[in-house]
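When a residue number appears, it is its place in the shown sequence, counting from 1.
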Amino acid sequence: MDIKDIATPSRTKALLNQYGFNFKKSLGQNFLIDVNIIHNIIDASDIDENTGVIEIGPGMGSLTEQLAKSAKKVIAFEIDQRLIPVLKDTMSPYDNVTVINEDILKANIAQYVSDNLADCDKIMVVANLPYYITTPILLNLMQQRLPIDGYVVMMQKEVGERLNAQVGTKAYGSLSIVAQYYTETSQVLTVPKSVFLPPPNVDSIVVKLMKRDVPQVEVDNEDKFFKMTKSAFSQRRKTINNNYQSLFVEGKNKKEVILKWLETSGIDPRRRGETLSIKEFANLYNELKNFPELEF
Ligand code: SAM
């Protein structure tokens with residue numbers, strides 16, 4: 001028997017009725033009911049029969065089932081216990097899907113990856129993310145240095161634009177820097193609200209982030225580097241010089257030393273953070289070794 005795709009209004013509604021499921025807004029539950037969007041996401045993910053996929057928030061399995069058809073294995077993290085019996089049912093035709101009932105922000109992903117995906121040639125994260133935690137999810141995955149080759153992920157439009165923003169634009173900020181430090185970013189497609197049940201309040205976008213072989217710039221301590229870049233945007237309207245006054249601990253002639261540091265790095269102190277490229281931030285960071293009095 002040919003079962004209808006989950007990502008259709010009729011099958012999704014039938015499953016909702018069958019399980020008496022009601023959406024939890026607090027968990028960002030907006031399910032996809034358009035299989036074309038899912039095919040676009042999968043096409044952009046370059047998945048083949050040797051690819052392992054990490055999915056975050058499978059919901060009732062609309063994206064998971066299509067991933068299962070194209071990938072070698074899928075591990076899917078779903079926080080909502082009520083969806084586990086639904087997924088057990090909808091994923092029963094696929095023996096390459098493992099559903100994990102855990103919070104993605106707390107799970108030991110490295111362990112799950114080595115237990116389940118070690119025999120895959122490539123690992124992709126593919127997901128219609130829970131929007132309320134898009135940024136922590138992506139930062140957590142990228143900064144853990146997991147063996148992930150790339151991400152094709154749906155999220156709120158504004159967040160996707162920030163990930164992909166070019167220097168000098170309004171959307172450019174510390175999130176753009178972290179994402180572009182580790183990955184090459186591109187926009188895959190914009191998604192109308194009408195393809196979700198229930199429709200979200202915000203517009204959506206699918207973004208692709210492919211891991212760079214080596215990070216875009218060289219710094220000796222990533223956490224410190226990101227702390228330094230973040231501080232340049234703490235008050236967006238302020239100059240870099242002003243913002244950096246609050247980053248460094250108090251010390252003798254702090255103001256003058258900061259100016260000297262900016263000048264030696266070739267950065268006009270009147271510039272704003274959003275005008276500095278990642279390379280310029282890296283120069284600033286690397287120049288700090290000549291200014292040991294500037295501590296943070
Ligand atoms: N993939 C499904 C789809 O596209 O139809 C559902 C996507 S829905 C936008 C987000 C899913 O993430 C929900 O199923 C929700 O329960 C789940 N979720 C929310 N917070 C989570 C967390 N911290 N860890 C894992 N899953 C989470």
Asker: Would you call the rings of F281 and F233 parallel, tilted or perpendicular, where under 30° means parallel and over 60° means perpendicular?
Answerer: tilted
Asker: May I ask you to check whether Y19 and D89 show a side-chain donor-acceptor distance below 3.5 Å?
Answerer: yes
Asker: Other residues, nucleotides and ligands only: do more than 12 of their heavy atoms fall within 6.0 Å of CD on Q144?
Answerer: yes
Asker: Looking at F77, is its backbone amide N or carbonyl O close enough to the side chain of N101 to form a donor-acceptor pair, meaning the two atoms are under 3.5 Å apart?
Answerer: no
Asker: Indicate whether the side chain of D80 and that of Q29 have a donor and an acceptor atom separated by less than 3.5 Å.
Answerer: yes
Asker: Any chance NZ of K289 has more than 12 other-residue heavy atoms, nucleotides or ligands included, within less than 6.0 Å?
Answerer: yes
Asker: Measure up the Y244 and F248 rings against each other and bin them: parallel (under 30°), tilted (30 to 60°), perpendicular (over 60°).
Answerer: tilted
Asker: If you take all heavy atoms of V191 and I37, which pair is closest and at what distance?
Answerer: CG1-CD1, 4.1 Å
Asker: Could you check whether N283 and E287, counting side-chain N and O atoms only, form a donor-acceptor pair closer than 3.5 Å?
Answerer: no
Asker: Would you check if the side chain of N164 reaches a backbone N or O of G160 as a donor-acceptor pair within less than 3.5 Å?
Answerer: no
Asker: Report yes if the side chains of L139 and F226 come closer than 4.5 Å at any heavy-atom pair, otherwise no.
Answerer: no
Asker: So does Q18 have more than 12 non-hydrogen atoms from other groups sitting under 6.0 Å from CD?
Answerer: yes
Asker: Can you tell me which residue among L67, D46, I148, V152 is in a side-chain contact (heavy atoms from CB on, under 4.5 Å) with M124?
Answerer: V152
Asker: Go through the steps for E102 and N108 under the test side chain to side chain contact (heavy atoms under 4.5 Å, CB included), then give the verdict.
Answerer: CA-CA 9 Å; E102 279 190 49; N108 185 345; over 6 Å; no
Asker: Nearest 0.5 angstrom please: S174 OG to M228 CE, how far?
Answerer: 12.0 Å
Asker: Judged by atom type as modelled, is there a donor-acceptor pair below 3.5 Å linking the side chain of N116 to the main-chain atoms of Y112?
Answerer: yes
Asker: Should V188 and M210 be counted in the same cluster of Ile, Leu, Val, Met, Phe, Trp and Tyr side chains packed under 4.5 Å apart?
Answerer: yes
Asker: Check this for me, if you would: do E293 and K252 make a salt bridge, where the nitrogen-to-carboxylate-oxygen distance has to be below 4.0 angstrom?
Answerer: no
Asker: Could you grab the distance from atom NZ of K260 to atom OG of S265, nearest 0.5 Å is fine?
Answerer: 10.5 Å
Asker: Decide, yes or no, whether a salt bridge links E250 with K254 under the criterion of side-chain N to carboxylate O below 4.0 Å.
Answerer: yes
Asker: Salt bridge or not between K73 and D119? Use side-chain N to carboxylate O under 4.0 Å.
Answerer: yes
Asker: Considering only heavy atoms from C-beta outward, does the side chain of E55 approach that of I75 to under 4.5 Å?
Answerer: no
Asker: Drop me the distance from I79's CD1 to I56's CD1, to the nearest 0.5 angstrom.
Answerer: 12.0 Å
Asker: Answer yes if F23 and I6 sit in the same cluster of Ile, Leu, Val, Met, Phe, Trp and Tyr residues linked by side chain heavy atoms under 4.5 Å apart, and no otherwise.
Answerer: yes
Asker: R236 side chain to E274 main-chain N or O, any donor-acceptor pair under 3.5 Å?
Answerer: no
Asker: Determine whether I38 and S62 satisfy the following criterion, side chain to side chain contact (heavy atoms under 4.5 Å, CB included), listing intermediate values before the conclusion.
Answerer: CA-CA 8 Å; I38 291 181; S62 57; 4.0 Å; yes
Asker: So is K224 actually on top of F296's ring, under 6.0 Å and inside 45° of the axis?
Answerer: yes
Asker: Check whether K208 reaches the backbone of A44 with its side chain - one donor and one acceptor, N or O, closer than 3.5 Å.
Answerer: yes
Asker: Starting from L105, can I reach L27 by hopping between I/L/V/M/F/W/Y residues whose side chains sit under 4.5 Å apart?
Answerer: yes
Asker: Surrounding NZ of K13 (heavy atoms of other residues, nucleotides or ligands, distance under 6.0 Å), is the total greater than 12?
Answerer: no
Asker: Would you find a donor on one side and an acceptor on the other, under 3.5 Å apart, between the side chain of S234 and the backbone of K230?
Answerer: no
Asker: Looking at L146, I123, V126, V74, which hits side-chain contact (heavy atoms from CB on, under 4.5 Å) with I54?
Answerer: I123
Asker: Quick test of your reading of the model: are E161 and K157 salt-bridged, counting only N-O distances below 4.0 Å?
Answerer: yes
Asker: Can you give me the closest heavy-atom contact between A232 and N243, atom names plus distance?
Answerer: O-ND2, 2.9 Å
Asker: Do L83 and F21 make a side-chain contact, defined as non-hydrogen atoms from C-beta onward lying under 4.5 Å apart?
Answerer: yes
Asker: Under the rule for side chain to side chain contact (heavy atoms under 4.5 Å, CB included), what residues qualify as partners of D48, not counting sequence neighbours?
Answerer: N50, T51
Asker: With distance as the sole test, does R212 use its side chain to make a donor-acceptor pair with the main-chain N or O of Y182 at under 3.5 Å?
Answerer: no
Asker: Hey, what do you get for OG1 (T12) to CZ (F196), rounding to the nearest 0.5 Å?
Answerer: 12.5 Å
Asker: Sub-3.5 Å donor-acceptor pair from the side chain of S176 to the main-chain atoms of R162, do we have one?
Answerer: yes
Asker: Using a strict 4.0 Å threshold on nitrogen-to-oxygen distance, state whether R271 and E280 make a salt bridge.
Answerer: yes
Asker: Within a 6.0 Å radius of atom NZ on K227, are there more than 12 heavy atoms belonging to other residues, nucleotides or ligands?
Answerer: no
Asker: Between V195 and L129, is there a shared hydrophobic cluster once you connect ILVMFWY residues whose side-chain heavy atoms come closer than 4.5 Å?
Answerer: no
Asker: Does a side-chain heavy-atom distance below 4.5 Å link I104 with I109?
Answerer: yes
Asker: Is it possible for you to say whether I33 and L87 belong to one hydrophobic cluster, with membership spreading through side-chain heavy-atom contacts below 4.5 Å?
Answerer: yes
Asker: Are a donor atom and an acceptor atom from the side chains of D5 and Q66 found within less than 3.5 Å of each other?
Answerer: yes
Asker: Report yes or no: does E222 contribute a side-chain atom to a donor-acceptor pair with the main-chain N or O of Q143 at less than 3.5 Å?
Answerer: no
Asker: Within the 4.5 Å heavy-atom criterion, are R270 and N241 side-chain neighbours or not?
Answerer: no
Asker: Looking only at heavy atoms, which two atoms of T64 and P58 are closest? And how far apart?
Answerer: OG1-CB, 3.3 Å
Asker: How long is the straight-line distance from OG1 of T264 back to CG of L259, given to the nearest 0.5 Å?
Answerer: 10.0 Å
Asker: So which heavy atom on V53 is nearest to which on A71, and how close?
Answerer: CG2-CB, 3.7 Å
Asker: Under 3.5 Å, is there a donor on one side chain and an acceptor on the other for Y285 and D220?
Answerer: yes
Asker: Could you list the residues that satisfy side chain to side chain contact (heavy atoms under 4.5 Å, CB included) with E158, not counting sequence neighbours?
Answerer: Q156
Asker: Within the structure provided, determine whether I84 and V99 are in side-chain contact (heavy-atom separation under 4.5 Å).
Answerer: yes
Asker: Within the structure provided, determine whether K69 and I42 are in side-chain contact (heavy-atom separation under 4.5 Å).
Answerer: no
Asker: Is there a side chain to side chain contact (heavy atoms under 4.5 Å, CB included) between I240 and L284 once you walk through the steps?
Answerer: CA-CA 11 Å; I240 188 142; L284 269 179; 4.3 Å; yes
Asker: So do the side chains of M142 and Y181 get within less than 4.5 Å of each other, counting heavy atoms only?
Answerer: no
Asker: Which distance, rounded to the nearest 0.5 Å, do you find between the OG of S186 and the CG of L163?
Answerer: 11.0 Å
Asker: Quick one: do E184 and Q216 satisfy side chain to side chain contact (heavy atoms under 4.5 Å, CB included)? Show the steps, please.
Answerer: CA-CA 9 Å; E184 285 198 58; Q216 197 184 152; over 6 Å; no
Asker: Distance-only, no hydrogens or angles: does the Y172 side chain make a donor-acceptor pair with backbone N or O of L276 under 3.5 Å?
Answerer: yes
